[in-house]
Amino acid sequence: MYRKIYALDISGEIPKELFELKKLMDLNLAQNVLSGSVPPEIGQLSDMQYLSLGINNLTGPVPQELGNLTKLISLSFSSNSFVGQLPKELGKLTLLQQLYIDSSGVTGPIPQEFASLKALRILWASDNLFTGKLPEFLGDLTEFIDLRLEGTSLEGPIPSSFSALTKLETLRIGDLNKEDSSLKFLENQTSLSILTLRNCRVSGEIPKRFGGFSNLQHLYLGNNNLSGELPNNIITPKLIALDVSFNGISGNVPTNFTKSGFSMNVLGTSIIPDNLSDGIILYTLNHFNGYGDRKSSEFLRCLQGETKCSNYKISTSSFSVKSGGTEMTSASGIKYDDDSEKLGSASIYTNSKSKWAVSNTGNFLFNPNGPQFIAKTDSQITKTLDSELYKTARVSPSSLRYFGYDMMNGKYAVELHFAEIAMDDTGSWKALGRRLFDVYIQGEKVLKDFDIKKEAGGSKRALVKTFEANVTNKIMEIHFFWAGKGTCCIPFQGTYGPLVSAVHVYQATGVGSSSKENKKRIGRLVGITLGCAAGFGIVLSMLYLWWTKRASSAHMPVQTDSPKK
C-alpha cells in the first residue's frame with residue numbers, strides 16, 4: 001500500500017525506519033530540527049514521487065543515492081547545511097518538475113548532467129556558492145516557468161540560449177561577475193510577470209520589445225551598465241514597479257508615468273524629468289513623498305548627476321533617524337526623527353527639515369502578509385537602555401539607502417543600530433533563518449554577509465556598529481544591499497533582505513574642516529584672555545583650559561569594528 005508521511009516536530013537524525021517503507025511515495029520532513037547526514041538508504045525508496053527535506057540542519061554531502069529515485073516529481077532540500085557539490089546523479093531524475101535547493105550550502109559548478117532534466121519547471125537555486133559560468137544548457141530546459149539564481153558566485157554572461165525559455169513567468173538572476181551580459185536573450189518571453197536582473201553587469205540598451213510584454217508586473221534592472229533611453233512604451237498596463245537605478249540611462253520619462261499604482265526608480269541615472277512640473281524631481285513618480293521644495297529637488301538632481309553636490313550651502317553636520325518608527329529621544333539625549341512614512345517597491349521619502357532621505361527598491365512578492373517594508377515587534381530588546389529604538393526597523397527585499405544632504409564636508413561617525421526582530425532564536429525550525437546583507441558607506445563596503453542575529457548573539461538583542469566616513473560633496477550615502485544570500489522563507493516567505501533599526505550620523509569633531517574651526521575659536525579665546533583686565537585673568541584662564549580640554553577630548557578616534565575593502 002502506498003503511503004504518505006508528514007513528520008513534524010522531530011529532531012535528531014532521520015529515522016532509519018522510514019527506509020523500510022518500500023512503497024512510500026510522499027515524504028515531507030520539512031520544518032523540523034533534523035541534523036546529521038542523509039543516509040544512503042534513502043535511495044531504496046524507489047517509488048518516491050515527492051520528497052522534502054527542507055528547512056532543517058542536515059549536514060554532510062547531498063547523497064548521490066537520490067539519483068535512484070527516478071519517479072521523483074518534486075525534490076526539496078533547501079535551507080540546510082550541506083557541503084560539497086551537487087551529485088551528478090540527480091541528472092537521472094528525468095521526471096522531476098520542481099527542484100528547491102536554495103540556501104542548501106552546496107558549492108562548485110552546476111553539473112552538466114542537469115541538462116537531462118527536460119521536465120523541470122521550477123528551479124530555486126539562490127544563495128549557494130556555485131562557481132563557473134552560468135550554464136548554457138539551462139536554456140535547453142524549455143519547460144521552465146520559474147528560475148531563480150541570486151546570491152551565487154556564478155559568472156556571466158547570461159547565455160543567448162535563454163531566449164528559448166518562452167514559458168518563463170519568473171526569472172530572477174543576480175550578482176553575476178566577470179563578463180558583461182545583454183538583454184538580447186529577452187526576445188519572446190511574453191509570459192514574464194517578474195523579471196529581476198540586478199547587479200548582473202548587463203550592458204547595452206533596453207529593447208523596445210519590452211513594451212510587448214503584456215504580463216510583466218515587476219521589472220528590476222538596477223545596478224547594471226545599461227545605456228540609452230527608456231523606451232516610451234515600457235510602462236505597460238500591468239506594470240507595477242520599474243527599477244532602472246544606477247545605470248547610464250538618459251532621456252525623458254515615458255509619457256504615461258502617471259498611471260495609477262505605478263512606481264519607478266531612476267536614482268543614479270541621467271534621466272531628465274522635463275515633463276514634470278517645476279519643484280518636483282522625478283524619483284518614484286506616484287510614490288514620491290518628498291516636500292517638493294527647492295532643496296529636496298536639488299538633492300535628487302545632484303544624485304542624478306544634473307548638478308554638483310558641492311554647490312550646496314553648508315547647513316548641517318548630523319542627522320538621526322528612527323528607521324520604520326516614530327520620533328523618539330534616546331536615553332543619551334539623541335533625538336531620532338520620524339521615519340514611519342510608507343514606502344513602496346521603488347520609492348523615496350525626503351525629510352527636508354532635517355535634510356535626510358530614505359529610498360527602497362524591490363518587493364516582497366510572496367509575503368503572506370503582503371508587501372511589508374517595516375518590521376515591528378512588541379518584545380523587549382535586550383543589551384540596550386533604548387528598547388523602543390529597536391522595536392521597529394526598515395526592511396528591504398533588495399536595496400535600502402539613507403542619504404544625508406546639505407552636509408558640512410569633513411569626517412563623520414556613522415552609527416548603525418540593529419536588532420533581529422523578524423527571525424527567532426528558539427529551538428524550533430523557525431530559528432534556522434539567516435539574514436545576510438552588505439553595508440556600504442560612501443560607496444565603500446564596510447560589512448559583507450552581515451548576520452545581525454549571529455553577531456548580536458541571538459534575536460531581539462541590540463547591536464551597534466560604528467564607522468568613519470568622509471563627506472566631500474555635501475552628501476552622505478549609507479546603502480544596505482541584499483546580495484541574494486541568506487534564507488528567503490523562514491519563518492515565512494519574504495523574510496530576508498537588509499534590516500536596520502536606526503541611523504545616527506554626526507561629525508567627528510576636530511577632524512577636517514571642523515578641526516580648523518576649533519583652532520580658530522581657541523585662538524580667539526586666547527587673544528581675549530591676554531587683552532582683558534587682570535581682575536578677569538583667573539576666570540578667563542579657567543575658561544581657556546575648559547575649551548582646550550573640550551577640543552582634545554573631541555578628538556577621540558571612532559571605532560570601526562568591521563573589515564573594510
Side-chain angles (χ1 to χ4, degrees), residues 5-22 24 26-46 48-72 74-93 96 98-114 117 123-132 149 151-154 425 427-434 436 449 451 453-454 484-490:
I5 293 181
Y6 297 85
L8 298 174
D9 298 323
I10 60 175
S11 59
E13 297 185 349
I14 298 176
K16 292 189 177 181
E17 293 82 2
L18 293 174
F19 308 130
E20 300 175 3
L21 304 175
K22 303 300 182 183
L24 189 62
D26 191 344
L27 177 60
N28 188 342
L29 297 178
Q31 297 182 354
N32 286 288
V33 195
L34 293 172
S35 58
S37 60
V38 179
E41 288 85 355
I42 198 168
Q44 300 173 9
L45 304 176
S46 57
M48 187 77 68
Q49 295 184 19
Y50 301 91
L51 174 62
S52 180
L53 303 173
I55 311 183
N56 282 289
N57 196 27
L58 295 169
T59 57
V62 177
Q64 63 183 29
E65 288 79 9
L66 287 175
N68 298 334
L69 309 183
T70 55
K71 294 182 181 179
L72 272 179
S74 178
L75 172 62
S76 172
F77 50 86
S78 61
S79 300
N80 274 289
S81 300
F82 291 110
V83 296
Q85 300 183 18
L86 288 169
K88 63 182 181 180
E89 288 78 9
L90 295 183
K92 300 177 182 178
L93 307 179
L96 197 65
Q98 302 177 14
L99 179 58
Y100 302 95
I101 57 176
D102 50 300
S103 304
S104 61
V106 294
T107 59
I110 298 176
Q112 178 67 35
E113 287 77 8
F114 277 34
L117 304 180
L123 174 60
W124 289 17
S126 299
D127 186 31
N128 289 302
L129 294 180
F130 292 127
T131 56
L149 279 166
T152 72
S153 296
L154 288 171
D425 58 358
S428 74
W429 61 270
K430 294 182 179 180
L432 299 175
R434 293 181 295 111
L436 300 178
D449 297 338
D451 185 335
K453 185 170 66 171
K454 181 179 180 180
K485 299 179 181 179
T487 56
C488 69
C489 312
I490 305 173

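- A pairwise comparison of heavy atoms in Lys453 and Asp425 identifies CD-CB, 4.2 Å as the closest pair.
- Lys485 has a carboxylate O that lies under 4.0 Å from a charged side-chain N of Asp449, or vice versa, which qualifies the two as a salt bridge.
- Closest heavy-atom contact between Ser153 and Leu129: OG-CD2, 4.1 Å.
- Ring pair Phe77/Tyr100: centre-to-centre distance not below 6.0 Å.
- Ion pairing of Arg434 with Asp127 is present here, as a side-chain N (NZ or NE/NH1/NH2) and a carboxylate O approach within less than 4.0 Å.
- For the atom pair Leu149 CG and Leu123 CG, the distance stands at 6.0 Å (nearest 0.5 Å).
- Asp102 meets the salt bridge (Lys or Arg N to Asp or Glu O under 4.0 Å) test with no other residue; sequence neighbours excluded.
- Side-chain contact between Leu18 and Leu45 is absent, with no heavy atoms from C-beta onward closer than 4.5 Å.
- Closest approach of Val33 to Gly427, counting heavy atoms only: CG2-O, 3.5 Å.
- Looking at Asp26, its side chain never comes within 3.5 Å of a backbone N or O of Ile5 through a donor-acceptor pair.
- Between the side chain of Ser78 and the backbone N or O of Ser104, no donor-acceptor pair lies under 3.5 Å.
- Using a distance-only test at 3.5 Å, with no hydrogens or angles considered, a donor-acceptor pair links the side chain of Ser428 to the main chain of Lys430.
- Taking every heavy atom of both residues into account, Ala125 and Phe130 meet most closely at O-CE1, 3.4 Å.
- Looking at heavy atoms from C-beta onward, Gln44 lies in side-chain contact with Lys22 at the 4.5 angstrom threshold.
- Side-chain contact between Trp124 and Cys489 is present, with heavy atoms from C-beta onward closer than 4.5 Å.
- The closest side-chain heavy-atom distance from Val62 to Asn80 is not below 4.5 Å.
- Taking CD1 of Ile14 as the reference point, atom CG of Asn56 lies at 7.5 Å (rounded to 0.5 Å).
- Between Leu154 and Ile110, the shortest heavy-atom distance links the atoms CD1-CD1, 4.4 Å.
- Residues Leu93 and Leu117 approach most closely at O-CD2, 3.2 Å, considering heavy atoms.
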